[in-house]
Amino acid sequence: MTQAQTHIAKEYETIYILRPDVDADSADKVQGRVAEVIAREAGKMVKVEAWGRRKLAYPVNKQKKGVYVYVKYVGKGGLVSELER
């Protein structure tokens, strides 16, 4: 694999889940941090969709619901690991 092939930007999707009692202000702060990480890693946001409050597949910390947010973005491989961190 050549140097140029290892740095090709790809399209990624991430879904993150917030606590069900999160207020709009806090949700906006999280979205801002996600956008900041993507920009810092030379990525580009393609789409953000707030899917709203939904039932979790199984309880997490005694919570049965969560606020789902879908993010589609373009970037290099290191961006995904940085975003997950």
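FYI, side chains are in, hydrogens and waters are out, and symmetry mates aren't considered; it's all heavy atoms of this structure. Residue indices begin at 1 and follow the sequence shown.
- In this structure, V74 belongs to a hydrophobic cluster whose other members, linked by side-chain heavy atoms under 4.5 Å apart, are V46.
- Between V48 and V69, some side-chain heavy-atom pair lies under the 4.5 Å cut-off.
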Please list, one pair per line, the donor and acceptor atoms closer than 3.5 Å that link side chains of residues 23-43 to other protein atoms, with sequence neighbours excluded.
{"from": "D23", "atom 1": "OD1", "to": "D25", "atom 2": "N", "distance (Å)": "3.4"}
{"from": "D23", "atom 1": "OD1", "to": "S26", "atom 2": "N", "distance (Å)": "2.7"}
{"from": "D23", "atom 1": "OD1", "to": "S26", "atom 2": "OG", "distance (Å)": "2.8"}
{"from": "Q31", "atom 1": "OE1", "to": "Y16", "atom 2": "OH", "distance (Å)": "2.9"}
{"from": "R40", "atom 1": "NH2", "to": "E82", "atom 2": "OE2", "distance (Å)": "3.2"}

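- Pairs of residues two or more places apart, or lying in two chains, never qualify as ring-ring contact (aromatic ring centres under 6.0 Å, His included) while including a residue from residues 17-41.
- To the nearest 0.5 Å, the span separating CD on E13 from NZ on K47 amounts to 8.5 Å.
- Here Y70 pairs with W51 under the ring-ring contact (aromatic ring centres under 6.0 Å, His included) rule; sequence neighbours left out.
- Residues Y12 and M45 are members of one and the same hydrophobic cluster, defined by side-chain heavy-atom contacts under 4.5 angstrom among Ile, Leu, Val, Met, Phe, Trp and Tyr.
- When hydrophobic clusters are built by joining Ile, Leu, Val, Met, Phe, Trp and Tyr residues whose side-chain heavy atoms come closer than 4.5 Å, directly or via intermediates, I17 is not grouped with V80.
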Yes or no on side-chain contact (heavy atoms from CB on, under 4.5 Å) for T14 and L83, after CA distance, side-chain angles and deciding distance?
-> CA-CA 9 Å; T14 298; L83 191 59; 4.1 Å; yes
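- Sorted by first and then second residue, the pairs that involve residues 53-74 and meet salt bridge (Lys or Arg N to Asp or Glu O under 4.0 Å), not counting sequence neighbours, are E11-K72.
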